[in-house]
Each structure stands twice: as structure tokens, then as C-alpha cells.
Amino acid sequence: MAKFIVQNKSSGSAKVRSLCIAVIVAVLMFCTLWSFTSPWPSFSVSLSKPRTKQCPPDVQVQPFNMSQEPIDTTFYDDPENTYTIDKPMINWDKKRREWLNHHSSFVAGVENRVLVLTGSQPSPCKNPIGDNLLLRCFKNKVDYCRIHGYDIFYNNVLLNPNMGSFWAKIPLVRASMLAHPEAEWIFWVDSDAIFTDMEFKIPLERYKDHNLVVHGWPNLIYEKKSWVSVNAGIFLLRNCQWSMEFLDVWAGMGPQSPDYTKWGQILRSTLKDKMFKESDDQSALVYLILKEKKKWGDMIYVENEYSLHGYWLGVVGKLKNITQKYLEIERVVHKLRRRHAEVVSERYGAMREPYVEEGGDRKGGWRRPFITHFTGCQPCSGAHNPAYVGNSCWIEMERALNFADNQVLRNFGFMHPDIGNGSYVMPLPVDFPGDEFDEFM
């Protein structure tokens, strides 16, 4: 059986770390730049004065009842409130709170309620296997949402014809905040991003004093001023007035704005490693964090304690060893391999946490990454970054999807013995991975 090589904590010099960071930044710049050359890459997120530091609803708790719809008027009855990005929303916190007061059955658990958004282009994929890959990526997101009790919406239309490509998500996020006032968080996930730790529960309590969560590195934001210091393809946004105003400012830097060309010049002059002239959502986000720290940056949580965005080339080579490491733990800790209903998977994730905590990104490096993002692969168009050899994108997407699918299939009594072959599964022994561990693997 193959041994997993644990990555020890560095005891070397800061020069080694600096070199590693420089390599990562260079790779991300090249791969991210390529993703921006596609007319329809995965949808990927900036400005107005916040009215409150936090945006919490403060209402009474009642039993949950989805059929409740009182006759009281709400913001939906006001013709001045629109779903489109071109008209600012005023007093959203108050309007949302009033809606919840009129629909008290939706209040229970509102602080942890998440709506996942994703999407792809309206037309069929040019890549012969693109539609199948997008379908499987969507199934992966549906599986994750079902396990954690999240709602999900898949969009494949342009809500604003002037905001295509990576800008297309902003009008959708804005409309979703109105369409789902019962959700506290809007969780945007690019279509080419795959949940690869199906048990992982987002630590929402960590973000109680913030309104936007994005994966990134503060030193690359404030010291290097790099346009790849964050990834705008995956983020959590609180459903509140601050976010409404932030989206207005962010969208104001996009292609529907008369200042679009000017913003491209400003972003390129501010972020020295930005190599193309157009204004893009990611550079705009970095700019707002960097230049508007008090107004926006202080309310944005830059996450890197776990893989909210795990770059795929740094993940796929470790999947087999990660699987073996988890199975070795289960072989020793009987309670973790106990068969259980899928609906209680979060409980087993919590029980597993003490055994996998040491394998995190900044520690052993063998923990399942929460999300693996296939940046630059362009599964729909097929026009992947030329640095990716042959069909490596599609092969590794298949492996990552099967890796995640195995975590789901375990609760149905099956597994892919080979994550490179998604069409073949085997029924699992009752006490797997007990005595049958070596035989199965």
C-alpha cells in the first residue's frame, strides 16, 4: 500500500517561503490571465458607504412553515424596488427585517442559512465533453447542498446583457438577495469549482463581524499589490445593505459603466502585475480592498486557513494519498467508519475534525481541500490554458469529481475503487475500511 508523505512544518528560512509564494503567484497570474481570455469563463466579485458594520436581522423566532404568506405589504409590493443592478437599493436591512417579521416562520436559523449560486453560459458547450463536465460539477454542488441543508440556484442566462463573462455573476447575486430575503449568506461558486470535502462545514461564526469572505493572501494584497492576491470566483456575501452598496460600486467598474475604460487604466496602473488593459472583477475587488480599506476592506474577510479556493494543480496529485490517509484513520477509529444516514453527515464531520485538523493547508497538507478550483481549464469551451498539457484538465476534473463522489456514495454503500474511472463502482463491506481495507484498495 502506498505511503502518504506528510509535509512537515517549515523550519527553514523566510527565503524559502518567499520563493514558494513567488512561484505560486507566477503560476496563478498565468493561469488566471488565461481564464480571462475566454468570452465565457466561469462566472467569477465592490462600493458604497456601509450603513452598518454588521447586517443582522433581529426578529422573533417562530416554527418553520414554508407555506406562510401573510397579506401584509412588503418591499415586494413597492414598484421602486427592482431586481436589476442599475438602480440602488435603499434601506435594505429594514426592508428585509420587516419581511422576516411578517414571515416569522423563516426566522429560525436565519443566521446560518446559505443560498449557493452557480451558473454557466446559455448556449451548448463547444467542448464535446463540456456539457457532461458541467452537469457533473452541478451534481457535485447539489450533493454538497443536500448534505448541509443549503438551497441552490443554477443560472444560465445573462441578467444584464452588458455584463457578460466573469461580470455576469454580480447582477445574479444582486437579484438573489431580493429573491431570497430568508438567506443570510449568498455563496457564489464558479461552475468549474468542485467541492472536494463534502463534510466540511463553513465556519460562519468566524465571519460574524464581516460581510464578504474571499480566499486570498493579505501580504499579496497590501505589499505586492497583486491582481491575483484574491480569487473572485468563490465568495460568501452577507445579505445586507452594505452588500447592496458594495455590489453597486463593484458593478460600476464593469463593462456596463461609461467609466469602464478608465477603470481598466486605473487598475493596471495600481496593480503592477496586471497584464491586460480591461477592467475585470478580480482586479476591481483587490483595488477596493486596497484603496477603500476603511469603507470596504475592513468588512472583507480574506480567508486562507482552509481551501475556499484550492488551485487544482496543487491538489490533484495528492488525492490518492489523501484517500488513503482518511481510510487509515477510519480503520483505527471505529466510530468514524460506522454506517449512518446521509442526513447526519455533519455530525460525522464534526467527529472527524480532531483527527484531520493537523493535516490542514498550513500544517500537514493531507487534509481534503474544501474546494478544488479548475482555474484556466475552461471545460465548456475547451480552450484551456496552453500550459496545461493535452487532456490533463478533463482527466483531473474527472478524478476530483469521483474523489468527491466517493464521499457521497459511501452513504449509499458504494465507492469508486479507482477515481480515474467514474463509470465503475463496487459495493462496500459492512465494516469498511476494516479488515477488508487492503483487499479493497
Side-chain angles (χ1 to χ4, degrees), residues 14-37 41 44-50 165-167 169-170 188 190 210-237 245-255 257 259-305 307-311 313-314 361-362 373 375-376 385 387:
K15 293 174 64 179
V16 176
R17 293 184 179 178
S18 298
L19 178 60
C20 292
I21 291 174
V23 171
I24 291 172
V25 172
V27 173
L28 286 176
M29 283 177 60
F30 184 64
C31 298
T32 308
L33 176 61
W34 181 262
S35 71
F36 282 106
T37 64
S44 298
V45 142
S46 300
L47 318 194
S48 193
K49 184 177 180 180
S165 189
F166 35 81
W167 290 102
K169 62 179 172 283
I170 295 181
W188 171 264
D190 271 0
H210 297 83
N211 294 330
L212 174 61
V213 182
V214 64
H215 192 275
W217 301 270
N219 63 312
L220 296 183
I221 297 172
Y222 297 107
E223 297 173 21
K224 302 295 186 181
K225 296 179 175 58
S226 171
W227 81 286
V228 295
S229 55
V230 302
N231 184 276
I234 302 164
F235 59 85
L236 281 155
L237 185 69
E245 296 173 358
F246 182 80
L247 290 176
D248 287 342
V249 176
W250 199 6
M253 305 167 83
S257 168
D259 297 324
Y260 178 57
T261 300
K262 183 184 74 172
W263 275 116
Q265 296 169 350
I266 293 172
L267 295 178
R268 195 173 184 185
S269 64
T270 304
L271 310 175
K272 303 302 182 182
D273 59 355
K274 179 176 167 62
M275 295 176 286
F276 53 98
K277 63 181 181 179
E278 292 82 8
S279 173
D280 65 278
D281 64 326
Q282 187 164 286
S283 296
L285 178 56
V286 176
Y287 180 89
L288 294 173
I289 296 174
L290 186 64
K291 296 296 186 179
E292 301 279 355
K293 188 176 187 301
K294 185 174 181 181
K295 183 183 290 186
W296 308 116
D298 288 345
M299 298 304 295
I300 299 173
Y301 194 104
V302 180
E303 180 64 83
N304 52 37
E305 292 295 319
S307 296
L308 183 61
H309 155 77
Y311 178 48
L313 278 179
D361 288 352
R362 294 188 169 191
H373 196 180
T375 305
N385 189 319

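Worth knowing before you read on, the calculation uses all heavy atoms, side chains too, and leaves out hydrogens, waters and symmetry mates.
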Side chains of Ser279 and Trp167 in contact at under 4.5 Å (non-hydrogen atoms): yes
Smallest separation among heavy atoms of Leu267 and Ala284, with atom names: CD1-N, 3.9 Å
Test item: Leu285 and Phe235 side chains (from C-beta on) under 4.5 Å apart, heavy atoms: no
CD1 on Ile300 to CG on Asn211, rounded to 0.5 Å: 9.0 Å
Side chain Glu278, main chain Asp280, donor-acceptor under 3.5 Å: no
Flag, side chain of Ser257 to backbone of Met253, donor-acceptor distance under 3.5 Å: no
Asp273 (side chain) donor-acceptor with Trp227 (main chain) under 3.5 angstrom: yes
Trace of the side chain to side chain contact (heavy atoms under 4.5 Å, CB included) decision for Leu290 with Lys225: CA-CA 8 Å; Leu290 186 64; Lys225 296 179 175 58; 3.7 Å; yes
By side chain to side chain contact (heavy atoms under 4.5 Å, CB included) - contacts of Thr261 (at least two apart): Gln265
Heavy-atom pair of closest approach, residues Asp298 and His210: O-CD2, 3.5 Å
Where Gln282 and Val228 come nearest, the two heavy atoms and their spacing: NE2-CA, 3.8 Å
Approximate separation, where rounding is to 0.5 Å, of Tyr287 OH and Ile266 CD1: 5.5 Å
Shortest non-hydrogen separation from Pro218 to Asn304 and the atoms involved: CD-ND2, 3.6 Å
Separation between CD of Glu292 and CE of Met299, rounded to the nearest 0.5 Å: 15.0 Å
Closest approach of Ile170 to Ala251 (non-hydrogen atoms, all atoms of both residues): CG2-CB, 4.1 Å
Approximate separation, where rounding is to 0.5 Å, of Tyr301 OH and Leu308 CG: 11.0 Å
Euclidean distance, Trp263 CH2 relative to Ser283 OG, rounded to 0.5 Å: 12.0 Å
Closest contact, heavy atoms only, Ile221 versus Ser229: CG1-OG, 3.3 Å
Within 45° cone and under 6.0 Å: Lys274 NZ/CZ vs Phe276 ring: yes
Working for side chain to side chain contact (heavy atoms under 4.5 Å, CB included), residues Leu236 and Glu303: CA-CA 11 Å; Leu236 281 155; Glu303 180 64 83; over 6 Å; no
Side-chain donor or acceptor of Lys272 paired with backbone N/O of Ser269 under 3.5 Å: yes
From Asn219 atom CG to Lys224 atom NZ, the distance as rounded to the nearest 0.5 Å: 8.0 Å
